[in-house]
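Presented below is the structure to which this report refers.
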Amino acid sequence: MNYVAPADIQVVPATVDRWADVVTLLGRSGDRGCWCQAPRGLVAGGGATEPGARRQALRAQLDDDPPAGMLAYIDDEVAGWCGFGPRPKLPRLVHSRTIPTIDDRPVWSILCFNVRVGYRRRGVAAALLDGVIEFARRSGAPGLEAYPIDPGGGRVDTSFGYVGVTSMFERAGFRRVVETAARSDRRPRILMRLDF
């Protein structure tokens, strides 16, 4: 597989006109998928969710300012998603018992990455992170937070690596703030911050 330099990856806000590409990335499990709603805590989980509720919520959130995520493209093919949002508008984070609030700044929180099979290990997640940083800075966000894991040199199963890894965030200028009580792949998630 050839490495694609991040400069060859286009990153844009996920807007309603790009809904078909969002479905390509997040719709593999149909209505049972997360649709980037679990970390938002805006739609009930488990059996209490009406079929299609998470999908409909995300579609509506693409009209928000900022939209719910960014999309990455390689050769006009959708390759990845990064979900994010202003932390004060994310009830599950605001009320989290495992991820602390360290101050009252309304930073944006990076929630997840989803890179399509065939596009992994090609710089897509790093390009998405760079795109979110640029978009947040241009939009007047006071900073960004993320909650990745430190793999400690080991490999991370992709189903648990959706939160990203600390080294990618450190390369982008984030600093480690605190180890949280949240876990992914049995590893602690680290609260990291990039202040603008």
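Residues: numbered from 1 along the sequence shown.
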Fill in: Test log, rule side-chain contact (heavy atoms from CB on, under 4.5 Å), inputs Tyr73 and Asp21
CA-CA 10 Å; Tyr73 293 85; Asp21 293 336; 2.5 Å; yes
Discussion item. Using salt bridge (charged side-chain N to carboxylate O under 4.0 Å, His left out), reason through Arg193 and Asp103 one step at a time and then give a plain yes or no.
Written reply: CA-CA 11 Å; Arg193 176 70 76 84; Asp103 58 33; 3.1 Å; yes
Discussion item. Please determine whether the number of non-hydrogen atoms from other residues, nucleotides or ligands lying under 6.0 Å from atom CG of Asp75 exceeds 12.
Written reply: no
Practice prompt. Return the orientation label for the Phe135 and Phe84 ring planes: parallel under 30°, perpendicular over 60°, tilted otherwise.
Written response: perpendicular
Worksheet item: Can you find a pair of side-chain heavy atoms, one from Ser139 and one from Pro66, that are under 4.5 Å apart?
Response: no
Response to the item:
Rounded to the nearest 0.5 Å, the CE atom of Met192 sits from the CZ atom of Arg175 at a distance of 9.5 Å
Item to complete: Take Phe174 and Leu144 through the test side-chain contact (heavy atoms from CB on, under 4.5 Å) and record every step on the way to the result.
Response: CA-CA 8 Å; Phe174 283 70; Leu144 287 166; 3.8 Å; yes
Practice prompt. Work out which heavy atom in Gly131 is nearest to a heavy atom in Met70; give both atom names and the distance.
Written response: O-CE, 3.6 Å
Discussion item. With a 4.5 Å cut-off on side-chain heavy atoms, are Arg92 and Ile99 touching?
Written reply: no
Discussion item. Just checking Arg97: does its CZ atom have more than 12 heavy atoms from other residues, nucleotides or ligands closer to it than 6.0 angstrom?
Written reply: no
Worksheet item: Do Trp81 and Leu26 have side chains that get closer than 4.5 Å, going by heavy atoms?
Response: yes
Item to complete: Kindly say whether Arg183 contributes a backbone atom to a donor-acceptor pair with the side chain of Arg186 at under 3.5 angstrom?
Response: no
Worksheet item: Charged N to carboxylate O below 4.0 Å: is that the case for Arg176 and Glu170?
Response: yes
Fill in: Any donor-acceptor N or O pair under 3.5 Å, side chains Thr101, Arg87
yes
Discussion item. I need the minimum non-hydrogen distance between Ala72 and Val11, along with the two atoms involved.
Written reply: CB-CG2, 4.2 Å
Discussion item. I'd like to know if Leu25 and Val16 are part of one continuous hydrophobic network [Ile/Leu/Val/Met/Phe/Trp/Tyr, side-chain heavy atoms within less than 4.5 Å].
Written reply: yes
Worksheet item: Going by heavy atoms in the side chains, are Glu145 and Trp108 under 4.5 Å from each other?
Response: no
Worksheet item: Checking Thr180 side chain against Arg189 main chain: does a donor-acceptor pair fall under 3.5 Å?
Response: yes
Practice prompt. Taking Arg116 for its side chain and Val78 for its backbone only, find out whether a donor-acceptor pair lies under 3.5 Å.
Written response: yes
Discussion item. Set out, in order, the CA-CA distance, both residues' side-chain angles and the distance that settles side-chain contact (heavy atoms from CB on, under 4.5 Å) for Gln10 and Ile74, then state yes or no.
Written reply: CA-CA 7 Å; Gln10 178 190 19; Ile74 296 176; over 6 Å; no
Worksheet item: Do the side chain of Arg28 and the main chain of Thr24 share a donor and acceptor less than 3.5 angstrom apart?
Response: no
Worksheet item: In terms of hydrophobic clusters joined by side-chain contacts under 4.5 Å, are Leu191 and Leu90 together?
Response: yes
Discussion item. Same cluster or not: Val178 versus Leu93, using hydrophobic residues (I, L, V, M, F, W, Y) connected whenever any side-chain heavy atoms lie under 4.5 Å apart?
Written reply: yes
Discussion item. Looking at Pro142, is its backbone amide N or carbonyl O close enough to the side chain of Arg105 to form a donor-acceptor pair, meaning the two atoms are under 3.5 Å apart?
Written reply: yes
Worksheet item: When rounded to the nearest 0.5 angstrom, what is the spacing between CD1 in Ile190 and CD1 in Ile149?
Response: 9.5 Å
Fill in: Leu62 reachable from Leu128 in the ILVMFWY side-chain graph, under 4.5 Å edges
no
Discussion item. Is there a path of hydrophobic side-chain contacts, each under 4.5 Å between heavy atoms of I/L/V/M/F/W/Y residues, joining Phe113 to Trp35?
Written reply: no
Worksheet item: Between the side chain of Ser109 and the main-chain N/O of Leu111, is any donor-acceptor distance below 3.5 Å?
Response: no
Worksheet item: Passes side-chain contact (heavy atoms from CB on, under 4.5 Å), Cys82 versus Cys112? Steps please.
Response: CA-CA 6 Å; Cys82 177; Cys112 60; over 6 Å; no
Fill in: Ser184 side chain to Tyr147 side chain, donor-acceptor N/O pair below 3.5 angstrom
no
Fill in: Thr166 to Pro151 - nearest heavy-atom pair and separation
OG1-CD, 4.4 Å
Fill in: For the student: nearest non-hydrogen atoms of Ala172 and Asp130, plus distance
CB-OD1, 4.5 Å
Worksheet item: What residue among Arg54, Gln56, Gln61 forms side chain to side chain donor-acceptor pair (under 3.5 Å) with Gln37?
Response: Gln61
Discussion item. Using every non-hydrogen atom in the two residues, find where Ala14 and Pro67 come nearest and quote the distance to one decimal.
Written reply: O-CB, 3.3 Å
Worksheet entry | Nearest-0.5 Å distance, CG of residue Asp150 to CZ of residue Phe169 | 12.5 Å
Item to complete: For Asp64 and Lys89, run salt bridge (charged side-chain N to carboxylate O under 4.0 Å, His left out): C-alpha distance rounded to whole Å, both residues' side-chain angles, the deciding distance at 0.1 Å, then the answer.
Response: CA-CA 11 Å; Asp64 290 348; Lys89 294 182 178 180; over 6 Å; no
Discussion item. Tell me the closest heavy-atom pair linking Arg40 and Pro91, and the distance in Å.
Written reply: O-CD, 3.1 Å
